[in-house]
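One structure is given below, encoded as structure tokens.
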Amino acid sequence: MAIIRVALDVPVDCLFDYLAPDASITDIGLRVCVPFGKRRTLGIILSVCTDTSVPGNKLKQAERIYRDIPPLPPALLELFKFCNRYYHHPIGQVVMNSIPNRLRQFKLTIDQPSRAFAWVITDKGRLLDATDIPARSRAKRLLLTTLQDNGQIPPEAFKQMSAHNRKLLREFLALDWVTQMPLVPGLPTAQTEPPSPTPEQNAAIAAILADTGMFAPWLLHGITGSGKTEVYLRVTAALLKQQRQVLLLVPEINLTPQLEARFKQRFPETAVVSLHSGLNDNERLQGWLLAQQGKAGIVLGTRLAVFTPLPELGLIVVDEEQDLSFKQQDGLRYSARDLAIYRAKQAGVPIILGSATPSLESYQHALAGHYRLLRLHSRAVSGATLPVIRCIDLRLTKAPEGLTEPLLTALQTALSQQQQSLVFINRRGYAPVLLCKSCGWVAACTRCSSRLVVHLHARQLRCHYCGHQQTVPAACPECGDPDILPFGQGTQRIEAALRSHFPAARILRVDRDSIRRKHAWQSVLDAVQNQQVDILVGTQLLAKGHDFPNLSLVCILNADASLYSTDFRAEEQLFAQLMQVAGRAGRADIPGTVLIQTEFPHHPLYQALSRQNYDSHARTLLRERQLTHFPPFAYQAVLRAEAIVIDSALAFLGKAAKIATACEQFGQIQLFDPVPAPMMRLKGRERAQLLVHAHSRKHLQEFLFDWQQRLHTLAAQKKVRWHLDIDPLML
DNA sequence: GGCGGCGAACTG
DNA sequence: AGTTCGCCGCCC
């Protein structure tokens with residue numbers, strides 16, 4: 001009698017054994033329905049064997065093994081086991097949360113994707129006068145004019161339309177204004193000749209293609225506009241020719257519709273599957289199955305796509321590899337970039353990490369020779385020049401409402417020349433740190449590369465990494481100025497201020513909230529593209545890679561907040577973000593200008609930025625990290641606890657720290673004090689964290705393994721929820 | 001995570 | 001006595 005070992009979606013790190021008379025070794029990776037307590041549930045068979053340590057009276061029989069779709073491939077199961085070990089997350093939850101929702105249901109119906117057809121306007125519809133439609137039927141009128149202008153609505157666009165618009169379209173069909181036409185493959189994609197690569201691009205492509213049959217990690221460091229995408233495309237083309245599959249990971253797919261379009265257009269013969277959070281369960285399953293069957297030549301997706309089964313995997317690309325969104329922030333806290341490396345190694349294929357500003361982790365790997373470094377120094381579009389970057393010294397120039405005179409003048413000039421501007425508000429990394437306005441001194445921790453946080457109630461400065469505390473000094477210890485203040489300025493009124501300064505300008509604000517609505521981001525891009533916007537105001541989002549061809553001016557406000565953030569990675573992130581946002585300016589034939597309002601124009605970051613010198617700045621930061629023993633020269637994990645009141649979270653972490661002393665490898669790791677975490681938007685609950693450092697990943701892992709088991713048995717954790725975060729990014 | 005067991009506390 | 005609520009341990 002065979003025994004199957006099954007992964008179930010329960011927060012207990014073990015497999016559950018069941019009797020399965022008809023099971024064989026070929027059933028590993030299949031879905032199975034099993035009785036579990038009072039319920040039935042669906043799991044994945046991870047192994048098949050003949051004996052078990054579970055007492056016979058407890059052993060139940062599996063109800064049914066599903067053979068409707070092929071089993072998950074062994075490589076994927078290996079990846080799950082690695083996640084389980086490395087991230088210390090229950091195996092069942094790793095497995096069940098990484099497969100499409102639909103595969104977790106008992107009943108699996110695979111409906112074929114509906115045949116794609118476009119809604120094409122008829123002659124009758126073309127001759128209609130849109131103004132005959134009553135003005136109050138705005139949507140109707142708009143739909144008709146759109147059809148008259150574009151001639152058709154392709155299936156992708158139809159999918160994205162609101163229910164109301166779809167209803168209208170069916171009305172039009174009944175009126176014979178439109179007709180449904182089957183989509184002719186390749187018809188709507190106007191084939192334009194791909195640009196011929198620059199010598200630099202050619203060198204990169206050749207280097208990668210010289211070694212495609214083995215694991216080879218490449219760091220493709222290319223400045224904004226240098227044409228990294230073209231390198232991806234060319235290498236992809238070569239691997240598609242070898243019948244291999246390509247996995248392309250991007251930070252947020254809905255923010256980069258151009259990339260998807262470019263791949264689809266370049267490879268009209270290839271099935272391009274895109275996987276992201278915007279899909280419904282059916283679409284997700286559809287794409288996943290195409291990938292699993294090897295039919296999808298290209299899989300393009302966000303971090304979760306790293307778990308896609310790819311039998312013919314031949315290449316992985318991680319675009320904007322430094323982007324924080326590759327790290328999952330709840331549940332299984334994985335880094336899709338790091339898992340991509342694991343997969344490439346496992347499959348013996350090349351992986352390209354692309355970035356204009358690589359993460360210090362990847363850059364250090366390249367410097368150490370673990371990764372192979374490729375550089376693109378020049379912009380791909382001939383004639384396109386790098387923007388001029390200038391600082392406006394806030395100590396010398398007044399900034400009423402946050403906007404200085406030179407900045408307003410520059411905006412006015414751009415307006416009068418009908419060129420677009422971008423006003424970038426940096427909100428990240430704001431925390432009350434203590435700052436001296438006259439000399440720029442900041443209260444810093446002596447033990448960490450972090451800044452101390454002001455706790456006004458307690459009249460104390462605290463380090464959020466190691467727990468060090470001291471009283472707030474009466475005056476600046478550097479220059480004696482008593483005027484030292486918690487740092488930070490309001491950003492809410494910037495948009496209003498801009499409106500009052502430029503009443504005639506068309507100003508568009510872009511932030512998380514304003515693009516939450518589906519496809520709102522696309523309409524923003526369109527509005528900018530169609531010159532319906534003069535000034536874009538927004539946050540991090542605007543730094544992501546888009547072509548805004550008529551953008552000539554980028555203004556950066558209150559960047560300093562990040563500079564003195566308590567997060568030791570904030571400066572790295574700020575630099576990356578500013579390099580990106582600066583790259584928005586002057587991409588085509590318009591020379592760009594970047595203005596930065598800062599109190600610290602001589603800060604090395606702005607100096608490096610104005611020279612557009614990633615390397616020297618990265619090396620400076622790396623030296624700092626090395627001196628303070630921070631990543632990438634140390635490995636971190638953080639134990640987080642959350643409770644209704646901070647004290648119970650801290651008390652739990654205190655106990656955790658106490659039992660840590662008895663754990664394996666305690667001598668090889670460094671435990672910081674439990675500290676309150678920077679406030680997260682978790683309603684009502686308060687969080688605290690305990691940071692663990694180690695110089696060896698192996699020692700850290702061995703310690704964590706032991707520690708985590710003891711934490712489970714730590715009884716008095718009532719109302720305290722806790723989790724481990726390995727390689728945490730935001731502390 | 002979901003469910004049942006169990007004791008404490010509450011009810012009229 | 002009957003009921004409800006919150007904690008706790010198990011699920012193969």
Side-chain angles (χ1 to χ4, degrees), chain A residues 1-25 27-66 71-72 77 80-81 83-85 87-107 281 304 307 328-334 640-645 647-649 651-652 655-656 659 682-685 708-725:
Chain A
M1 178 70 94
I3 306 275
I4 55 173
R5 315 207 68 205
V6 182
L8 299 174
D9 186 12
V10 284
V12 184
D13 189 20
C14 65
L15 296 174
F16 292 84
D17 296 359
Y18 289 89
L19 292 166
D22 57 335
S24 79
I25 199 97
D27 293 335
I28 292 172
L30 285 177
R31 287 144 56 241
V32 62
C33 174
V34 292
F36 190 64
K38 287 266 155 186
R39 305 166 289 148
R40 297 151 75 225
T41 187
L42 192 130
I44 302 284
I45 302 174
L46 287 201
S47 64
V48 179
C49 48
T50 50
D51 63 333
T52 173
S53 55
V54 177
N57 59 341
K58 281 192 173 181
L59 212 56
K60 291 186 194 169
Q61 185 154 350
E63 246 170 66
R64 181 167 166 211
I65 296 174
Y66 296 89
L72 302 181
L77 300 182
F80 291 149
K81 287 176 195 163
C83 286
N84 167 235
R85 284 196 307 274
Y87 293 109
H88 303 270
H89 197 73
I91 180 69
Q93 292 195 319
V94 171
V95 174
M96 298 312 284
N97 292 320
S98 310
I99 61 173
N101 262 332
R102 295 275 268 102
L103 291 180
R104 308 174 52 175
Q105 296 161 4
F106 295 116
K107 173 168 121 266
D281 287 353
L304 59 89
F307 295 109
Q328 174 87 17
Q329 294 294 357
D330 52 63
L332 171 64
R333 298 172 134 77
Y334 64 96
R640 290 207 190 84
E642 60 175 73
I644 309 293
V645 285
D647 287 344
S648 32
F652 168 74
K655 279 184 215 156
I659 58 169
L682 259 149
K683 46 179 183 217
R685 302 186 73 85
Q708 190 227 25
Q709 286 184 323
R710 294 171 196 253
L711 287 174
H712 276 295
T713 58
L714 198 64
Q717 6 176 305
K718 50 178 191 173
K719 298 230 171 186
V720 178
R721 301 221 299 218
W722 62 272
H723 66 86
L724 277 175
D725 190 350

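These numbers come from a predicted model, not from an experiment. Sequence lines set the chain letters: A, B, ... in the order given, protein chains first and strands last, and positions in each chain run from 1.
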Rounded to the nearest Å, what distance is computed from the CD1 atom of residue A:I3 to the C1' atom of nucleotide C:dC12? 10 Å
Roughly how many Å is it from CZ in A:R40 to P in C:dC12, rounded to a whole number? 14 Å
Using a heavy-atom cut-off of 4.0 Å across all strands, would you classify A:Y18 as base, sugar-phosphate, or nothing? sugar-phosphate
Report which part of the nucleic acid A:V12 touches: base, sugar-phosphate, or nothing (heavy-atom distance under 4.0 Å, all strands). base
Strictly below 4.0 Å: does A:K58 bring a side-chain N or O up to OP1 or OP2 of C:dC11? yes
Please report, rounded to the nearest Å, how far the P atom of C:dG9 is from the CZ atom of A:F36. 16 Å
Indicate yes or no: at least one non-hydrogen side-chain atom of A:I3 is less than 4.5 angstrom from one of A:L19. yes
Correct closest heavy-atom pair for A:L8 and A:G43 would be CD2-CA, 3.7 Å
Roughly how many Å is it from CZ in A:R721 to C1' in C:dC7, rounded to a whole number? 16 Å
Would A:T41 and A:V34 count as a side chain to side chain contact (heavy atoms under 4.5 Å, CB included) here? Give the steps. CA-CA 6 Å; A:T41 187; A:V34 292; 4.0 Å; yes
Measure CG/A:D9 against P/C:dC11 and give the value in whole Å, please. 18 Å
Classify the nucleic acid contact of A:P35 as base, sugar-phosphate or nothing, counting any heavy atom under 4.0 Å across all strands shown. sugar-phosphate
Output the rounded distance in Å from CZ (A:R5) to P (C:dC12). 14 Å
Before you tell me yes or no, could you show the steps for A:H89 and A:F80 under side chain to side chain contact (heavy atoms under 4.5 Å, CB included), namely the whole-Å CA-CA distance, both residues' side-chain angles and the distance that decides it to 0.1 Å? CA-CA 10 Å; A:H89 197 73; A:F80 291 149; over 6 Å; no
Please report the distance, rounded to the nearest Å, between CZ in A:R104 and P in B:dG1. 12 Å
Check the phosphate of B:dC3 against A:K38, side-chain N and O only, distance under 4.0 Å to OP1 or OP2. Yes or no? no
Could you give the CD-to-P distance, from A:Q61 to C:dC12, as a whole number of Å? 14 Å
